[in-house]
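Only one structure is covered here, and it is reproduced in the block below.
So you know, we letter chains A, B, ... as the sequences are listed, proteins then strands, and number each from 1.
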Protein chains: 4
Amino acid sequence: MKPPSSPSDPLFGPLFGSPAVDPELDDRAWLRAMLDVERALAAAQARTELVPAEAAAAIAAATMAAAEAIDPAGLGRDALAAGNPVVPLVRELTALLPPSATPYLHLGATSQDILDTAACLVAARSLRPILADLAAVADQCARLAEAHRHTLMAGRTLTQQALPTTFGLKCAGWLVAVCEASGTLARVRDTRLAVQFGGAAGTLAALGDAGPRVTAGLAEELGLAEPALPWHTNRTRVAELAGALGVASGVLAKIALDVSLLAQTEVAEVAEAAGGGSSAMPHKQNPVRAVLVTAATRRVPGLVATVLSGMAQEHERAAGAWHAEWPTLTDLLRLVGGAAGHARHLLTGLRVDAARMRHNLDASAGLLLAEHVAARLAPALGRTAAHDLVARLSRDAATAGRPLRDALLADPAVRAKLGPTEIDEILDPAGYLGSASEFVDRALALHRDAGRP
Amino acid sequence: MKPPSSPSDPLFGPLFGSPAVDPELDDRAWLRAMLDVERALAAAQARTELVPAEAAAAIAAATMAAAEAIDPAGLGRDALAAGNPVVPLVRELTALLPPSATPYLHLGATSQDILDTAACLVAARSLRPILADLAAVADQCARLAEAHRHTLMAGRTLTQQALPTTFGLKCAGWLVAVCEASGTLARVRDTRLAVQFGGAAGTLAALGDAGPRVTAGLAEELGLAEPALPWHTNRTRVAELAGALGVASGVLAKIALDVSLLAQTEVAEVAEAAGGGSSAMPHKQNPVRAVLVTAATRRVPGLVATVLSGMAQEHERAAGAWHAEWPTLTDLLRLVGGAAGHARHLLTGLRVDAARMRHNLDASAGLLLAEHVAARLAPALGRTAAHDLVARLSRDAATAGRPLRDALLADPAVRAKLGPTEIDEILDPAGYLGSASEFVDRALALHRDAGRP
Amino acid sequence: MKPPSSPSDPLFGPLFGSPAVDPELDDRAWLRAMLDVERALAAAQARTELVPAEAAAAIAAATMAAAEAIDPAGLGRDALAAGNPVVPLVRELTALLPPSATPYLHLGATSQDILDTAACLVAARSLRPILADLAAVADQCARLAEAHRHTLMAGRTLTQQALPTTFGLKCAGWLVAVCEASGTLARVRDTRLAVQFGGAAGTLAALGDAGPRVTAGLAEELGLAEPALPWHTNRTRVAELAGALGVASGVLAKIALDVSLLAQTEVAEVAEAAGGGSSAMPHKQNPVRAVLVTAATRRVPGLVATVLSGMAQEHERAAGAWHAEWPTLTDLLRLVGGAAGHARHLLTGLRVDAARMRHNLDASAGLLLAEHVAARLAPALGRTAAHDLVARLSRDAATAGRPLRDALLADPAVRAKLGPTEIDEILDPAGYLGSASEFVDRALALHRDAGRP
Amino acid sequence: MKPPSSPSDPLFGPLFGSPAVDPELDDRAWLRAMLDVERALAAAQARTELVPAEAAAAIAAATMAAAEAIDPAGLGRDALAAGNPVVPLVRELTALLPPSATPYLHLGATSQDILDTAACLVAARSLRPILADLAAVADQCARLAEAHRHTLMAGRTLTQQALPTTFGLKCAGWLVAVCEASGTLARVRDTRLAVQFGGAAGTLAALGDAGPRVTAGLAEELGLAEPALPWHTNRTRVAELAGALGVASGVLAKIALDVSLLAQTEVAEVAEAAGGGSSAMPHKQNPVRAVLVTAATRRVPGLVATVLSGMAQEHERAAGAWHAEWPTLTDLLRLVGGAAGHARHLLTGLRVDAARMRHNLDASAGLLLAEHVAARLAPALGRTAAHDLVARLSRDAATAGRPLRDALLADPAVRAKLGPTEIDEILDPAGYLGSASEFVDRALALHRDAGRP
C-alpha cells in the first residue's frame, strides 16, 4: 500500500495547481525520483561491472521498498544537518540493504548528482501532463479559430476599438503562441533534461576512468540526455527550462487577459461555461478560470528571475544558489501546470456570443470603417484630401451621434464618387478583413505540423 | 484533539523554513485566521447591535468547532468553483450553526474582507517569532561585537585585503543592519497590518451607515489597525510588508555571505558550531546554516517583485493579482522566518578563530599599513614624495617577498625620520583602526535603544 | 556657461521620464553631486581643523569650475580602469587645484564614500519634483473625489459589475493610496538618505579619531542624515528607498489601470484631455498618459528586485553588487518620476462622463440592487426565503431581458410587502451606497493632514 | 557628415556596456533601424506593385537623408503625443518626400509594425558583436582548458576544499556553458527575430489580400524571419530573446564569480592582467573586470522578469506592456554586451598562478586524498572499516597539524597493506583526477563543433 502524498499547500494549492500535474511534483514524487536515480546508478554501474549484479538487484529492491517505507517529512527534518535530503536518504536506504550490497549504493556519487538528476526526472514527468494540457489548449484554440473564422468582432488597440477583425483570428493568434511555447518546452525536455554525474568535485575520481561510461548508462536507464560534462555549476539546463516555462506562462496569461476583458459586463462577448456565479446577482459571471490563470502566471516571472540570478554558482558546487533551485523549479512547474489546466477548462467551455460581438462592433456606427472609406476615395480625390474629408465627416457623425453612413450619403463630394450600394459595401466590416482568413489557415497549418512527430 | 497541520512541502520545507514560524503559516493557521475573522466580525456587529448577542455567541462556538472539524484540503478543493476558499468556508460554517444564527454569519462581508484580514492576522502571528529570531540575531551580533572589539582582522574590499579592521566592527555593522530591518518590520506590523471590511464593492452598503463602526470594532477584536477606507485594491499595506521582508532578507543574506567567505578553507577565520561534516574529510566543515540562509534569501527578491507588480488591481476588486498574493506572502514570511532562524543558530554557535584572523592579516607583512607609513612621513617629506617613496618600498618588499618593515629600516630617507620603535608602532595594525571602537559603541547603543519599548 | 546635459536615452527617455525629474538624474546631475560631496567633505574637515580654511576654499572653487570643465563622458571612459568614476574625478579635480590644496582633497575618503553620498544627494534632489508631482496627483484625486462624491457608477469586481458605487469613492481610494505612498517616500528621504563616510575599510583610520565629527559635519553641509556607522555593505537605506519607490509605482499603476479600463470604447466613462487621437477615427482616444504610466511602472518591480538581491555585499566593500545599484537607482527614480508626471497630467485633464457612468450602471436594469431588495424583504420573509425569491425573480428578469422592477411589481409575494414607491426607492442606486460618502470624507481628511507640516 | 550618437548614460554607461555593442543600441541605431524598416516596406510593396518603383526609390532616398537630418531627441519629445516615436518619424519623413511619394510611405503599417521590426533589427545587429565577444570568451576558455589540463588545484564545494581537480577542467566547464548559451542565442537570432507586419489590428486590411506577400518581401529585404502571423500581442519572440540573454548573462556571471573568488588575497590563484591597482598597496589587485561582469549581470534577471510579465498584452495591441519592452530589451542587450566584452578582456589577460594553486592544494597536507586512501584499503579491510580507519587517522592528523602521510605511515593496520611508495602514489593528487582530462577533451570537441557552420 502506497502511503498518500502530502499535497503541498492543501488550502491554496488547488487554485494554483492542477490535479494532473501536482502529483508529479509533491514530496513523494521527489522521493520516488531520487530513489529511481540511486537504482539506475547501481544498474548502470552493474553494466560496467563496477557493481555486482546481485548488489544492483538488491539496491533496486531496496528503492522499491523505500518508496513506501520512507517518510519524506522525516527526510526533510534530517536534511537540515547536511543541507540536503540525499544524505539521510542514503542512510535510510543503506539500512534496507543486505550488508554485501551497501558498498555499492551511491557509488562515486555526490548528493548533487542525485538531486539534479532527480530534478530532471521530476521535470520530465510533470512536463508530460503539462504538455498534454498545452496541446489541449492548442486544440481548443484551433477549434475556436476554425469555428469563428467568420465571426466579426472589433479589433481593439490600446483599449480602443480600432478596426474589424474576427474572433477566429484572435484565437489563431493564441494558437500560434501556444504552439511556439509548447515546441520550446518539448525541445528543452527532450534535449536539455539530463543526468548529472560528477562525484564530489566533478571529476568522477572515485570511478577511475569509468565515469563517462556510467554516465551514459545512467542516461539510458532514466531516459534523460547524457551531458558532455557534469554541470554542477553550469546551470544553463535549469535556466533554459525556467525560461521556457516563463514563456509558456506568458502565453497563457495573454489568453486569460483577453478572456477577462471580453467577459467584462460591458463587453460580454465571451463567458466561462461555469462562471463563478452569485445567486443574488444572476448577471454576475466571474471569469474564475481566467482569474486563476492570471493568478498563477503572475507568480512566474519572479521565479524565473530567481533561477537566472542563481546561475552564478561558486567553484565546483555552490553554497546556496543551487539549493534555492529545488522549490523554485517545483513552483514553476506547478504554476505552469495549473495555468495550463485552467486554460484548458476555460477554452473548452468558453461561451462565445457572436451576436454581442457584432453588436459591439456596430456600436461605433461605421467609424471603424472610416479608413476603408478614405482608401476608396483616395484614387479620385488624392490621399490627403480623401483622408481629410472622411475625418471631418467622421467627426461630425460622432458628434451628432448618427451613423457614418448617413454623413457619407449626405455629402456631395462623396456622393459624386460613391453610390449607396458602394457605401454599404465599403462600410461592411466583413469586407475589410484583409488576410484574417489566410492567417487563420496559417495558424491551423502550424498547429497540424506541431502535432506531427 | 486538534488535527495535525499538513506541513507545506515536507521534504524541502524544513531547509527553508523554521520550526518556530512554519506553524503560523500552514493551512491550519490560515484556516484559524479566517475563522477568527468571522468570529470577530459577528462580535463587532453584536456590539453595534446589528447581530444579536446569542447569534454572535453561536458563531463564536461554531468557529471553535470548525477549527477542528473542517479539513483545509477539502476547502482547497471546493475553492475552485468561486476562486477562493471563503465561499466554501462560509458554507461549512453555516452547517455548524443553529438556523437562528445563520443570517448573521459573514454579515455584509465579501470574501476578500475575510481573506485580507486573515492574511494580516497570519502575518502578525508569524512576525512574532520572526521578530524574536531577528532580536536573537541582533543579540548575537552585539555579543560578538563586544567580545571581538579588539580582535584584529583584515578589512577586505573588492575581494582584496585593504586595511586592518576588527571582527567586532564587522559584527557591529551586521548589528546595525539587523536593528534597522527589525525596526521597519515591527513598524509595518504595528501600523500597517489592518482589518479589511468593505463589502462586495467597498461601500459597506449592506450595513447602512454602520459600516465604519463595525470596522473599528473588528480592529479592536483582532488587535489589527483600523484603516481609513477599505483597501481592496489599494495594496500599499501588502507591498510595504513585502518590502520590509525583502530588506530583512537582504540583511540576513549579507551576514551569511560574510560567514561563507570567512569560512572558506583558505580563510578559515570562522566556522559553524556544527558544520556539515564529512567523516572522510575531517577538515571539511560546510557552513550549512550560512548556505541555508543564502538559499532562503535568494528566493525573496523575486517574490517581492511579484507583490509589487500585483499592486495594479482592477476597479473595486481584482481579477487575479489579488489571488497571487496569498501564497507569495506566505512564502515571503516563511523564507524570512527560515533565514532568521538559521542565522540565529549560525551566530549563536559561531566559532571565531582570532589567531587565524591575525595570521591572515599578517600574511601581507605590513603592506596593509603602507598608507599609515606614508601618512606619518608626509609632514616631513610632503604628501606626494612620501606616498611615492612608500609605494616604491612596498613594491620592492612585495617583489622580494620580505616584510615592509625590513624595507623601511633599510631605507635612509625613512630612517632619517623614523626609528625602529616608531616603525614598529606605525606597522602595528592595532594602532590604525580609526573609529572602529567608537563605531562598535554606537552600534551597541543603537541595539540597546532598539530593545526599549 | 553651463554645458548642456546629455539626456540619457533621448529617443525613448521622454516617454518614460519627466521634464521635472530627468535633469536631476542625468550625468551632469551625478557629476554635480559628486563634486558637492568633495566640496562638503573639505568644508567639514576645515571645521574640525583637519584641513586649512584656504585649502577648503580652493577645493570649493575647483568643484565649481569642474562642474563645467569636466566632461562626464570622459569620466565614464576613464572609470573603466578602477571600476568607478570617482578615481578619474579626483585626478581631474586635483589638476584644478593649487599644489598647496591637493593634499586636502578627498582626505580619508574612499570612492564609495563619494558615490554613496552622491547617490543620496541625487535621490533627495530628484525626490523633490517627484513628491511635488505625487502631491499634485493627490490634489487631483481629492478634487475628483469631492466633485464626484455623488456621481453614481457601477462598482466592478473580477471584471463584473457588482454593486453601485460612486466615482468619488473610487478617487478617494486612489487618494489614500497616493498619500500613503508619498508619506513613506518622504519619510525615507528625510530619515534614511544619509552621508557615507568610512574610508577604505570603514574604520576612518586615516582620520585618527576625528572621523565621526567629520561625518556629522558632512551631514550638516549636505542636509542629509548622519548614520551611526558607515554603511558600505549595509544597504538597508538603498533598499528602503527602492521599496518605497516600488510602492509609489504600484499606486500609480493602479490609477492608470483603472483609467485604461474606464476609457475602453465599450465603457467610455472617462477620457484623457488629449487622448492620442487618430484623424481617421475620431472616436479613437487612446488613453496615452495611462499607457505611459503603465509602461513606466511595469519596469519598476524588476529593478526593486535587483536592488534587494544586491544587498548581500561582501565584507567591507562589495565586488559588483554595489556597482549595479547606480543605474538601477537612477532608473527607479526616473520611472517613478515619469509615472508621477504622466499621472498628474492624466488626472488634471481627465474628462469624466457621469451620464455614461449612469448609463452603464442602469444597463443591468436593477440587478445590481437585487441584494438590496432581498435585505428589505428579509425581516418579513426570513433571510433565506427572501434571498431565494429575489434570486429567482432576478434570473427570470435577466432571461426575459426586462427590468427587475417589472418582475418585482408582478410578484404577489413581493407586492404583499412592498409598494411601487418603496420598490423604486430600493432600486435607486443612490440609496444603496453605504458609507461611500463618509469614506470620501475620511480620504479628504487624510489628504488634508498629509499636507500639513 | 553623420551626426554623433548620444551615448546613453555617458557617465556609468562605459562600465556596463561595451564599445563594440553600445553603438548598435543607442538612439541613432534605433532611428536607423526604424528608417530601414520604412525603406524596406516600400521596397517590398514595390515588388508586389502596391507602390510605384519611383516612390519606393524616393522613400529610400528620404530615409538615407533622414538618418542624418532627424534628431532622435526631437523625435523623443514629439513621441509623447501618440505614445511612440513612429508617429513623428513618419511626419518628418513625409516632409522629406516629393508629394507624389507621400501616399506610399508607411503604407498599411501601424507604429508597432515599424517598432517591432526595428527592435528585431537592433537586436540582430547588436547580437553580431555580442556573439563575437562570446566566441572570443569561448576561445579563451578553450585556450585555458588546454593549457591547464594538468594544472592541479583544489576542487571546492560549498566554499570548502573537497578533492583535487585541474584548472583546465574548471575552464572546460566554463567553455561548455558559454557554447551552450551562445548556441541558444544564435538560434534565437536566426529563427526568431522576425519582421512584424499586421496593420492597425493585425489583419493587414488596408492591403486587401496582398499582406502576406509584402510580409515575405519585407523579411527578405531585412534578413529577418517571416512570421506565420503578425505577433503584435504574441510576445514569444521577445521573451525567448530575453530568456536567451538571461542565460548568457548567468554563464558570464559564473565565470566572473569564480575569478573573483580565485583572486581573493587569501587564495591568489589568478589575477587580472590589469587589476585595479593602488599605488599605496602594491599587493592590491582589484579584479575590476570580474567586478564589472558581476555588476552588469546582476541587473539582468529583473529585466527578463519585466519582459516575461509583460507578455500578457491586451487584445490586438497592448496598452503599456509593449512600450515597456523597448528600453528593457535595449538594456538587456547592452548589459550582456558589456558583460561579454569585459569577460573577454578578463580571460584574455588572466594571470594563472599554478604554483599557488598547488600550494593551496597541498595546504591540507593530504586530507583531500583521504577518500582515495579509504578506497584503496577497502578491498582488504571492508568498506566501512577502511572508511572509519582513515577518518580517524585524518582527524588525528588534522588535530595534530601533521600530514596525513605521517599518520598513515605510523599506523600498523595501514602499513600491513600499503608501503610508503604506494602511500605516496595514493596521496598524489595528480593520480586522483578521474575523468578530468577526458572532460577537457569533450569540452574542446564541443567548442570545435560549435565553431563549425
Can you name the nearest heavy-atom pair linking B:Gln313 to C:Asp258, along with the distance? O-OD1, 3.9 Å

With a 4.5 Å cut-off on side-chain heavy atoms, are C:Arg442 and B:Pro212 touching? yes

Spacing of OG1 belonging to C:Thr215 relative to CZ belonging to B:Phe439, to within rounding of 0.5 Å: 5.5 Å

Pick one of side chain, backbone, both or neither for C:Arg237, based on which atoms fall under 4.5 Å of a heavy atom in chain B. side chain

So, for C:Ala200 and B:Leu163, which heavy atoms are closest and what is the spacing to 0.1 Å? CB-CD1, 3.7 Å

Measure C:Arg213 against the heavy atoms of chain B and call it side chain, backbone, both or neither at under 4.5 Å. neither

Return the minimal non-hydrogen interatomic distance between B:Leu229 and C:Ala443, and the atom names on each side. CD1-N, 4.0 Å

When heavy-atom pairs shorter than 4.5 Å are enumerated against chain C, which of B:Ala177, B:Ala172, B:Ala201 gives the highest number? B:Ala177

Pairwise distance CD(B:Glu438) to OG1(C:Thr203) - rounded to 0.5 angstrom: 12.5 Å

Taking all non-hydrogen atoms of both residues into account, name the closest pair between B:Val247 and C:Ala239 and its distance. CG2-CB, 3.8 Å

Checked B:Leu204, B:Leu261, B:Thr297 vs chain C; the most non-hydrogen pairs under 4.5 Å come from B:Leu261

Which of the residues C:Ala242, C:Pro230, C:Ala375 is involved in the greatest number of heavy-atom pairs with chain B at under 4.5 angstrom? C:Pro230

Counting C-beta onward and ignoring hydrogens, is there a side-chain heavy-atom pair between C:Arg317 and B:Arg156 closer than 4.5 Å? no

Check the pair C:Thr157, B:Gln112 against side-chain contact (heavy atoms from CB on, under 4.5 Å), reporting the backbone distance first and the verdict last. CA-CA 11 Å; C:Thr157 65; B:Gln112 186 166 358; over 6 Å; no

Flag the one option from B:Leu433, B:Thr306, B:Thr294 with the top tally of heavy-atom pairs under 4.5 Å to chain C. B:Leu433

If I compare all heavy atoms of C:Leu446 with all of B:Ala228, which pair ends up nearest, and what's the gap? CD1-CB, 3.7 Å

Roughly how far apart are C:Ser437 OG and B:Asp209 CG, rounded to 0.5 Å? 11.5 Å

Qualifying salt bridge (charged side-chain N to carboxylate O under 4.0 Å, His left out) pairs, either residue in residues 305-316 of chain C, two or more places apart: B:Lys170-C:Glu316

Mind ranking B:Ala318, B:Gly211, B:Gly243 by heavy-atom pairs under 4.5 Å with chain C and telling me who comes out on top? B:Ala318

With a 4.5 angstrom heavy-atom cut-off, is it the side chain or the backbone of B:Pro227 that approaches chain C, or both, or neither? backbone

With C:Leu308 as partner, the option from B:Leu245, B:Leu303, B:Val304 fulfilling side-chain contact (heavy atoms from CB on, under 4.5 Å) is B:Val304

Side chain, backbone, both or neither: which part of C:Ala436 has a non-hydrogen atom closer than 4.5 Å to chain B? both

Would you mind telling me which of C:Gly173, C:Gly431, C:Ala206 has the largest number of heavy-atom pairs within less than 4.5 Å of chain B? C:Ala206

Taking all atoms of both residues into account, what is the closest heavy-atom pair of C:Ala305 and B:Ala305, and its distance? CB-CB, 4.0 Å

Measure the OG1-CG distance between B:Thr233 and C:Leu257 for me, rounded to the nearest 0.5 Å. 9.5 Å

Could you measure the distance from the CD atom of B:Gln161 to the NE2 atom of C:His315? Nearest 0.5 Å is fine. 9.5 Å

For residues B:Thr184 and C:Arg192, determine if any side-chain heavy atom of one lies less than 4.5 Å from a side-chain heavy atom of the other. no

How long is the gap from CZ on B:Arg299 to OG on C:Ser309, to the nearest 0.5 Å? 15.0 Å

Between B:Ala244 and chain C, which part of the residue has a heavy atom less than 4.5 Å away: side chain, backbone, both or neither? neither

Pair count under 4.5 Å, heavy atoms only, with chain B: among C:Gly155, C:Ala154, C:Ala312, highest is C:Ala312

